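Just below is one structure, and these are the notes that go with it.
What you see is a predicted model; the values in this text were computed from it and never measured.
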Amino acid sequence: MNKLLTALLGLSSGLLVSVLFFSDVGRQNARASTPDGELASAAQKVYVPHGKKDEYYLFSSGGHSGQLFVYGVPSMRQIRIVPVFSQDAATGYGFDDASKKMMGGYTWGDFHHPAISETAGDYDGQFLFANDVANNRIAAVDLSLFHTTDILKMPNMGGPHAAVFVTPNTEYIVAPTRFARPLGDEYAPLDKYKEKYKGVVTMIQFDRAKKKLNLAYQIVLPPWSYDLSDAGKKMSDGWVVMTTYNTEFATTNLEINASQKDRDYIVLVNWKKLEQEVAAGKANTVNGVKMIDPRDVQGAIYAIPVAKSPHGVDVTPDGTRFIASGKLAPLMTVFSFQKAFDAIAKKDFVANEFGIPVLKYESVMEREVDPPGALGPLHTQFDDRGNAFNTMFISSEVVKWKIDSGEVIDRQPVFYSPGHATAAEGDTAAPDGTYLITGNKIAKDSFLGVGPSHPESLDLFDISGDKMQHLMSVPIPPEPHYSQMVKADKIKPKLIYDKDETRPDSVWKADDARIERKGSEVHVYGVAMRSKFIFDAKAERKDSFTVKQGDKVFLHITNIDLDQDITHGLEVMDYNLNFEIQPGQTSTLSFTADKSGVFPIYCTNFCSALHQEMSGHLLVQPK
């Protein structure tokens, strides 16, 4: 009996020790799987001490948030959220008159693919362009102010998901459509999809001086779905390449019906040739827009078979090749521009689809890269040593391989389900080869729980050596799609707005603040300064003003504190109004004073020790 008791006690002790030891395994898994030295190395590489700054800006799309997220790399600290397609209460974007007009009545957008302006195939850091898939819009962000400067609505489009990408000198911002639709906002039943529906690519020009977008012309294409695309550079300059899917012309149950064929197409379009034809007056007008069919122009369009349902095509830094990823076929295909040009010259065609010559696959393809077990390749990025990096959505990893040979060099896990990736200067003619970041769709158990919806995340890798090193994962707001990483010294942010004394509605001296009545309109030409508002310099109470119920009120406010980081805000209580005025900026906000009473006004941005005292009143006399 004693022996049995001793055995039971020993077994219980062993179980207790096991429970105590292994109960901590879940918390220690990440650390246990990584040597302490490697963890210390990763921590050192991402640490940016106070007084130092990051090497790169990361500009990341915000998906259905409609916003642009800005991070520093390698710290991965979020620096700024730039409102683009959605309202932003903190800054008053979408509430002040200028941004409200620019948004055109929309309150949100689905922003997928940012593109930084380029000069000679290299990021120049001046502007960033964004797409809105949901509402067929393109936006321009001024990177000297980190402020959206223009939004262009595009007719005839069906969701510019493949947008945006720029040609090497930003001659054009190119926006292919995802959904085919009848042209001219016409109605046609889905049974007439193949005959009546069209795909459209919009070619947009940008005036850097005026900071304005202009729709140059559109290209009409067959009713395929156009996915991620890219512009040629160097020897391939003048061409764009676009992936397509749903060449089956399916209109329902696309997950089945749009994946019947083993191959879809990459479409090559010669935009320089089309530009000449449009300039010569050979375009039609649809919905007020010049539109050209490249099938009417000799040598302007070709198709190349590609593994089915491709999600990405990316041009190599030297411009000699383009690499496609077959989302439903686990391989990357390397195509040669020169081989394509040679096949075109020889008329090495195997078919004609919708009037588009189809080049022979074997004549253009250099190699297929199929890493064993790698599933769901989506997007390719590049370093400065001839290597490509592919995200694998299904197998949750990044694969590094040699472009010239297809040899797989390294594979590293991603946490989890990466969509796009961005390398440092990775879309340019001269990548840096330092960092790679993946935008991940699923986080699962990576972070503290926040309810049923988990955060998305970004994974940062050091890619400077032969082997990639995972440095960190960070949770981010929804939803990461594409991003671009640019050297910090290329971005030249202004510390204050330029003092422009000719700017309409601006007031630069406190003594010039005034109120002007124009019939039922009341225009307040005021100033914000530490730590007061001055609406009427000649009034007894300079920080308050009175209107009549029903008046239309225009607040034209200039921040005359010409000092960096002294931003003022202005809210009107119970009127649901707030907007931001940065140093040197003039903003206008208008509203109808439809409620009588006394409504406090205060500065919503902390600006000084006397911030609390920066207030005033709107008095609305009843009818």
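Note: Phe111 CZ to Leu68 CG = 5.0 Å, rounded to the nearest 0.5 Å. Interatomic distance, Asp404 CG to Arg367 CZ, rounded to the nearest 0.5 Å: 6.5 Å.
Other residues, nucleotides and ligands contribute more than 12 heavy atoms inside 6.0 Å of the CG atom of Asp342. The number of heavy atoms from other shown groups lying within 6.0 Å of CG (Leu190) is above 12. With a 6.0 Å radius and a threshold of 12 heavy atoms from other residues, nucleotides or ligands, Lys490 has its NZ atom above the threshold.
Remark: side-chain polar atoms of Asn135 are paired, donor with acceptor, to backbone N or O of Trp108 under 3.5 angstrom. Asn169 places no side-chain N or O within 3.5 Å of a backbone atom of Glu171 that could act as its donor or acceptor partner. Between the side chain of Asp459 and the main chain of Thr438, no donor-acceptor pair closer than 3.5 Å is present. With hydrogens and angles disregarded, no donor-acceptor distance shorter than 3.5 Å links the side chain of Asn253 to the backbone of Ile256.
The closest side-chain donor-acceptor pair between Gln67 and Ser65, if any, does not fall under 3.5 angstrom. Checked by atom type, the side-chain pair His64/Asp110 shows no donor-acceptor distance below 3.5 Å. Residues Glu368 and Thr333 have side chains that never bring a donor and an acceptor to within less than 3.5 angstrom of each other. A donor-acceptor contact closer than 3.5 angstrom links the side chains of Asn390 and Trp401. Between the side chains of Ser483 and Tyr71, no donor-acceptor pair of N or O atoms lies under 3.5 Å. Defined by atom type and a distance below 3.5 Å, a donor-acceptor pair is present between the side-chain atoms of Glu353 and Tyr265. Counted by atom type alone, Asp227 and Thr243 present zero donor-acceptor pairs between their side chains at under 3.5 Å.
In summary, Asp132 and Arg137 engage in a salt bridge, as defined by a charged side-chain N under 4.0 Å from a carboxylate O. Contact check on Lys402 versus Glu407 returns no salt bridge, with no Lys/Arg side-chain nitrogen under 4.0 Å from an Asp/Glu carboxylate oxygen. For Asp462 and Lys45, the salt-bridge test passes: some basic side-chain N is under 4.0 Å from an acidic carboxylate O. The pair Glu248-Lys194 fails the salt-bridge criterion, with no side-chain N (NZ, NE, NH1 or NH2) lying under 4.0 Å from an Asp/Glu carboxylate O. Of the charged side-chain nitrogens involved, at least one lies within less than 4.0 Å of a carboxylate oxygen, so that Arg321 and Glu366 count as a salt-bridged pair. Taking a cutoff of 4.0 Å between a charged side-chain nitrogen and a carboxylate oxygen, Asp348 and Lys346 do not qualify as a salt bridge. With respect to the salt-bridge test (charged N to carboxylate O, under 4.0 angstrom), the residues Asp318 and Lys233 do not qualify.
For Trp224 and Tyr197, the ring centers are positioned 6.0 Å apart or more. For Tyr435 and Phe461, the distance between ring centers is not under 6.0 angstrom.
Annotation: salt bridge (Lys or Arg N to Asp or Glu O under 4.0 Å) contacts involving residues 478-488, sequence neighbours excluded, comprise Asp432-Lys487, Lys441-Glu479. Screening residues 161-183 for ring-ring contact (aromatic ring centres under 6.0 Å, His included) gives His112-His161, His113-His161, Tyr172-Tyr217, Tyr172-Trp271 as the qualifying pairs, with residues at least two apart or on separate chains.
Applying the ring-ring contact (aromatic ring centres under 6.0 Å, His included) test between His420 and each of Tyr482, Phe389, Phe393 identifies Tyr482 as the sole match.
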**Message:** For a side-chain contact (heavy atoms from CB on, under 4.5 Å) check, start with the C-alpha distance between Ser75 and Val46, then their side-chain angles and the critical distance, and finish with the verdict.
**Reply:** CA-CA 5 Å; Ser75 73; Val46 300; 5.9 Å; no

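By the 30° and 60° cut-offs, the orientation of the rings of Phe337 relative to Phe341 is tilted.
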